[in-house]
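Before any comments, here is the structure.
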Amino acid sequence: MKTTLEGIVSYAKQYGFIFQGSEIYGGLANTWDYGPLGVELKNNIKKAWWDAFVKTNKYNVGLDSSIFLNPETWVASGHVSGFQDPLMDCKSCKTRHRADKLIEAFSNGTVDADGWDKQKMYQYIVDNQIKCPKCGEVNYTEIREFNLMFKTAQGVVEDSKNIIYLRPETAQGIFLNFKNVQRTARKKVPFGIGQIGKSFRNEITPGNFIFRVREFEQMELEFFCKPGTEMEWFGYWKTYCADFLKSLGLSSDHIKLYNHPEEKLSFYSNATTDILYQYPWGFDELWGIASRTNYDLKSHMDHSGESLEYLDPETNEKYIPYVVEPSLGVERLFLALLTESLDEEVLGENDTRTILRIHKKLAPVSIAVLPLMKKYHTEKSEEIFALLSKHFNVQYDDAGNIGKRYRRQDAIGTPYCITIDEETLTLGTVTVRDRDTMSQIKLPVNELKTYFENQFE
Ligand code: GAP
């Protein structure tokens, strides 16, 4: 089934995955709150990434650095001077637009203004009489650069000396801790540092639900290697990332690699590839993988005066490591997984079921415990819930008829349902139902824990 974005938004709201932020106050544009199922799915996504990139990867270790960093960090990283969008206002209807996006839309994507200076973009817009998408006038202000970092003030006095930024990426916290981590974890290059955390960008054109938002979470790895070996590692991490996505159930038909052409690379990068996913509106960026040379460490070294060089204990060579960086947004993977997994299955004439065919490991609820009849089976069901909920994410549901309860669990992607009935009381067995096949087996209560341990391995 082809899932539409509208379908996903309404599904996410209906089942308690994602709500509009600040809804009772009429909402706050482009903010989203994750409900009971959404927070579980998010946690499972982050755990899967952490397991693959930190816990089970022999090269890497983890970090949790501050959102607020010394403001000089953002000068050194280039964000203060270069992390900006070219904006112009329509003087007639007072709406604000990104000049490069106006050109892109006008030319149906055939002209890419990325990298053009303000004058060239302005001239193109005037020469081609590109109309304001809102009111149709051609009556713009000059183009101004708008920095995407959110600013706030630290402490009680709001003056320019106290300005700090909400980080627009987690990566810089890793670079600042390169030496601390290398020394305390006794790591030799090559090694990586992984981090998961919130990032903030004052995006001019947020949209497509949770795809482009102003507050989001990144799962970033900065992998430090010897200069000259970075292309080998770049290849290694590209394959590793694509394999990770496939292991979570994204079909290879829905994944595409886009290599940035050399002339479009950021000035510090010698190779960049995006992993694109086929979202409901088409292929779009899911994961950015960049070979960042030694730009960040060198820049922080120059600005801070602290050496971030590495001394190779075997060769006695001193160098600033090169960096390969796979950077993935939690929300983008969340949306890709819903797009991939949400299905409306036809079971027979006039009979369909909504099913979220999500990987077992990611399902927000792993097992549902369902007493067949509340009146007779509650006590035993509660016992089973208490037994399993210590080890798995279990939901207890005794509301409505059993068929409806199965369908609700299918719709939220619960891989297994356990039904407690008369046989449980007399013979000590329960019925275990499989989400995908809908087949049922009988199992003794005392075997359930081992059975599910094997299923979720
Ligand atoms: N440290 C490198 C970096 O931040 P990026 O390409 O700007 O690179 C990396 O961002 C990833 O973060 C993107 O591929 C995407 O998954 C996610 N991301 C970036 N901006 C986002 C936004 N406004 N909303 C949601 N996710 C975003």
Is it true that atom NZ of K179 has more than 12 heavy atoms of other residues, nucleotides or ligands lying nearer than 6.0 Å?
yes
May I have the step-by-step check of salt bridge (charged side-chain N to carboxylate O under 4.0 Å, His left out) for D351 and R407, ending in yes or no?
CA-CA 11 Å; D351 190 15; R407 289 294 160 87; 3.3 Å; yes
Mind checking the CZ-CG spacing from F200 to L148? Nearest 0.5 Å is all I need.
14.5 Å
Show your reasoning for whether side-chain hydrogen bond (donor to acceptor under 3.5 Å, both in side chains) applies to T272 and S269.
CA-CA 7 Å; T272 299; S269 173; 2.8 Å; yes
If we only count heavy atoms from C-beta on, is the S299 to Y268 side-chain gap below 4.5 Å?
no
Short question: side chain of N208, backbone of F211 - any donor-acceptor pair under 3.5 Å?
no
Working note: L286 + D274, criterion side chain to side chain contact (heavy atoms under 4.5 Å, CB included); need CA distance, chi angles, decisive distance, verdict.
CA-CA 7 Å; L286 168 60; D274 293 338; over 6 Å; no
Taking the side chain as everything from C-beta on, heavy atoms only, tell me whether I275 gets closer than 4.5 Å to I255.
yes
Below 4.5 Å, heavy atoms only, C-beta onward: do K187 and V61 meet side chain to side chain?
yes
So N270 and F234, do their side chains get closer than 4.5 Å, heavy atoms only?
no
Decide salt bridge (charged side-chain N to carboxylate O under 4.0 Å, His left out) for D284 and K256; before the verdict, give the C-alpha distance in whole Å, the side-chain angles of both, and the deciding distance to 0.1 Å.
CA-CA 9 Å; D284 215 334; K256 220 159 65 175; over 6 Å; no
Do you know which two heavy atoms are closest between P280 and L5, and how far apart they sit?
CB-N, 3.6 Å
Using modelled atom types only, decide if a donor and an acceptor are shared between the side chain of K55 and the backbone of A52 within a distance under 3.5 Å.
no
Using a strict cut-off of less than 4.0 Å between a Lys/Arg side-chain nitrogen and an Asp/Glu carboxylate oxygen, indicate whether D112 and K264 qualify as a salt bridge.
yes
Testing Y258, F53, W49 for ring-ring contact (aromatic ring centres under 6.0 Å, His included) with W287, which one passes?
F53
Say you draw a straight line from CD1 of I174 to CD of E222; how long is it, rounded to the nearest 0.5 Å?
4.5 Å
A side-chain contact here means heavy atoms from C-beta on lying under 4.5 Å apart; do T419 and V369 qualify?
no
Check step by step if side chain to side chain contact (heavy atoms under 4.5 Å, CB included) holds for I384 and L448.
CA-CA 9 Å; I384 294 173; L448 286 174; 4.1 Å; yes
Under 3.5 Å: donor-acceptor pair, side chain of T229, backbone of C225:
no
One pair to check against side chain to side chain contact (heavy atoms under 4.5 Å, CB included): I412 and V365. What are the steps and the verdict?
CA-CA 8 Å; I412 65 173; V365 176; 4.0 Å; yes
Contact check, side chains of I196 and E220, non-hydrogen atoms, under 4.5 Å:
no
Pair R292 + E325, salt bridge at N-O below 4.0 Å:
yes
Would you say Y124's side chain and I130's backbone share a donor-acceptor pair under 3.5 angstrom?
no
Going by the side-chain hydrogen bond (donor to acceptor under 3.5 Å, both in side chains) test, which pairs reach into residues 140-153, not counting sequence neighbours?
D89-R144
Test: D397 and R405 ion pair at under 4.0 Å
no
With rounding to the nearest 0.5 angstrom, report the CZ to CZ distance, F150 to R201.
11.5 Å
With no hydrogens and no angle check, is any side-chain donor or acceptor of T73 less than 3.5 Å from a backbone partner on L69?
no
Between R332 (side chain) and E285 (backbone), is there a donor-acceptor pair under 3.5 Å?
yes
Would you say F452 and V432 make side-chain contact, with heavy atoms under 4.5 Å?
yes
Kindly compute the distance separating CZ (F392) from CD1 (I367), expressed to the nearest 0.5 Å.
5.0 Å
Applying ring-ring contact (aromatic ring centres under 6.0 Å, His included) to Y59 and W233, what does each step give before you reach the verdict?
CA-CA 12 Å; Y59 296 111; W233 287 112; 5.2 Å; yes
For the pair N44 (side chain) and L362 (backbone), establish whether a donor and an acceptor sit closer than 3.5 Å, ignoring hydrogens and angles.
yes
The salt bridge (Lys or Arg N to Asp or Glu O under 4.0 Å) partner of E217 among R167, K42, K198 is K42
Interatomic distance, CZ@F19 vs OG1@T31, rounded to 0.5 Å, equals 13.0 Å
Going by atom type alone, with no hydrogens or angles, which donor-acceptor pairs under 3.5 Å involve a side-chain atom of residues 6-13 and a protein atom two or more places apart or on another chain?
{"residue": "Y11", "atom": "OH", "partner": "A411", "partner atom": "O", "Å": "2.5"}
{"residue": "K13", "atom": "NZ", "partner": "E23", "partner atom": "OE2", "Å": "3.0"}

Exactly one of F191, Y322, Y310 should register a ring-ring contact (aromatic ring centres under 6.0 Å, His included) with F224. Which one does?
F191
Working note: Q218 + Q195, criterion side-chain hydrogen bond (donor to acceptor under 3.5 Å, both in side chains); need CA distance, chi angles, decisive distance, verdict.
CA-CA 8 Å; Q218 287 184 309; Q195 164 155 252; over 6 Å; no
Going through the checks in order, is the ring-ring contact (aromatic ring centres under 6.0 Å, His included) test met by Y279 and F283?
CA-CA 6 Å; Y279 289 101; F283 278 98; 9.1 Å; no
Once you round to the nearest 0.5 Å, how far does CH2 of W74 lie from CE of M149?
7.0 Å
Cation-pi check, R433 onto Y416 ring (under 6.0 Å, within 45° of axis):
no
So does R435 pair up with D410, basic N to acidic O under 4.0 Å?
no
Under the salt bridge (Lys or Arg N to Asp or Glu O under 4.0 Å) test against R357, which residue among E345, E340, E344 passes?
E345
Closest contact, heavy atoms only, P206 versus N30:
CG-ND2, 3.2 Å
Around atom NZ of K298, are there more than 12 heavy atoms from other residues, nucleotides or ligands closer than 6.0 Å?
no
Is the distance from the ring center of F267 to that of Y295 below 6.0 Å?
yes
Taking C-beta and beyond as the side chain, do H260 and T273 meet within less than 4.5 Å on heavy atoms?
no
